[in-house]
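Heads up, the thing below is written out as C-alpha cells.
All heavy atoms count here, side chains included; hydrogens, waters and symmetry mates do not.
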Amino acid sequence: THMTCRGVDDQPIFLSDLDRDELLALLRKTTERVGWQVLCWCLMTTHYHLVLHSTRDALSRGLQLLNGRYAQEFNERHGRFGHLFADRFTSRVIDDERYLFQACRYVVENPVRAGLCDAPEDWPWTHLRTELRARLEDAVSRAGGVVVAANAPRIAGIGAIAMPGVTSASQLVQFDL
C-alpha cells in the first residue's frame with residue numbers, strides 16, 4: 001500500500017526536526033504494534049508518504065494510532081488544538097512489482113520534485129538517509145573503524161566518509177559494502 005497523510009488546508013505537519021523525529025519514533029512503535037512492514041517513507045513539510053505491507057484493518061488501526069498520537073503530541077508541543085490532518089488518509093493498493101517500484105521511486109523523489117534538494121539521498125527525512133547511515137555504521141564496524149581523511153567526501157547529515165571509490169551518496173547506495 002502507498003499511503004499519504006496531509007495537513008489540514010495543506011498546512012505544515014512538521015515545524016521542526018523534533019516533530020519529524022517524534023513521528024518516526026511513533027512509526028516504529030506503530031509498526032511493531034500492528035505488524036506493518038514499511039518499505040519506504042518520506043516526510044515532507046505538509047504531508048508524509050509510506051509504502052508498506054499491511055492488511056486493510058491493520059492499516060486503518062495503525063494510522064489511527066500513529067496520526068492520533070502524533071497530532072496530540074504536536075498540538076501539545078506547539079500550544080495548539082484542533083485537527084492536524086486533513087481527511088483520514090489516502091491509499092492505493094500496490095498489486096504488482098512494477099507499481100511497487102514506481103511507488104517507492106515516487107516517494108523518494110518527492111523532495112526533488114518539490115525543489116527541496118537536488119537528489120533523493122540529499123533529503124534528510126527519507127528512509128534512504130537511514131539506510132545510508134546504517135550501511136556506513138556497519139561498514140565502519142566490520143572494518144574495525146575507519147580513519148577519515150581531511151579530503152574525504154561529505155554526505156549531508158552523515159559527515160565525512162573514507163571509502164575507496166565512493167565520492168557521493170548516490171554511489172554509496174549502489175556501492176556493495
**Message:** Rounded at 0.5 Å granularity, tell me how far CG in D10 sits from OG1 in T45.
**Reply:** 10.0 Å
**Asked** Would R69 and E73 pass as an ion pair if we require N to O under 4.0 Å?
**Response** yes
**Prompt:** From H127 NE2 over to H49 NE2, what is the distance, rounded to the nearest 0.5 angstrom?
**Reply:** 13.0 Å
**Request:** State whether Y48 and R6 meet the cation-pi test: NZ (Lys) or CZ (Arg) under 6.0 Å from the six-membered ring centroid, and within 45° of the perpendicular axis.
**Result:** no
**Message:** Could you see if L24 belongs to whatever hydrophobic cluster contains L50? Use Ile, Leu, Val, Met, Phe, Trp, Tyr and a side-chain cutoff under 4.5 Å.
**Reply:** yes
**Same cluster (ILVMFWY, side-chain, under 4.5 Å), I94 and L39** = yes
**Request:** Determine, stepwise, if the pair R88 / S60 fulfils side-chain hydrogen bond (donor to acceptor under 3.5 Å, both in side chains).
**Result:** CA-CA 9 Å; R88 198 164 163 224; S60 293; 2.9 Å; yes
**Value rounded to 0.5 Å, distance of CG in L66 from OG1 in T31** = 8.0 Å
**Message:** Let me confirm one number: the CD-CG distance from E22 to L27, rounded to the nearest 0.5 Å.
**Reply:** 11.5 Å
**Request:** Identify whether V8 and L63 are in the same connected component of the hydrophobic contact network (ILVMFWY, side-chain heavy atoms under 4.5 Å).
**Result:** no
**Donor on one side chain, acceptor on other, H47 and T4, under 3.5 Å** = no
**Request:** Not counting sequence neighbours, list each pair that qualifies as a ring pair (Phe, Tyr, Trp, His ring centres under 6.0 Å) and has a residue in residues 76-104.
**Result:** F74-H78
**Pairwise side-chain contact, F14 with M44, heavy-atom cut-off 4.5 Å (strictly under)** = no
**Message:** Could you measure the distance from the OG atom of S54 to the CG atom of L59? Nearest 0.5 Å is fine.
**Reply:** 5.0 Å
**Prompt:** Is there a side-chain contact between P120 and P111, using heavy atoms and a 4.5 Å cut-off?
**Reply:** no
**Item:** Under 3.5 Å: donor-acceptor pair, side chain of D96, backbone of R98
**Value:** yes
**Message:** For residues L52 and L65: do they belong to one hydrophobic cluster (side chain heavy atoms under 4.5 Å, members Ile, Leu, Val, Met, Phe, Trp, Tyr)?
**Reply:** yes
**Item:** 4.5 Å side-chain heavy-atom contact, T46 and Q11
**Value:** no
**Item:** Connected via hydrophobic side-chain network under 4.5 Å: W123 and L18
**Value:** no
**Item:** Within-4.5 Å side-chain heavy-atom neighbours: D17 and R20
**Value:** yes
**Asked** Got a second to check how far D87's CG is from C5's SG, nearest 0.5 Å?
**Response** 10.0 Å
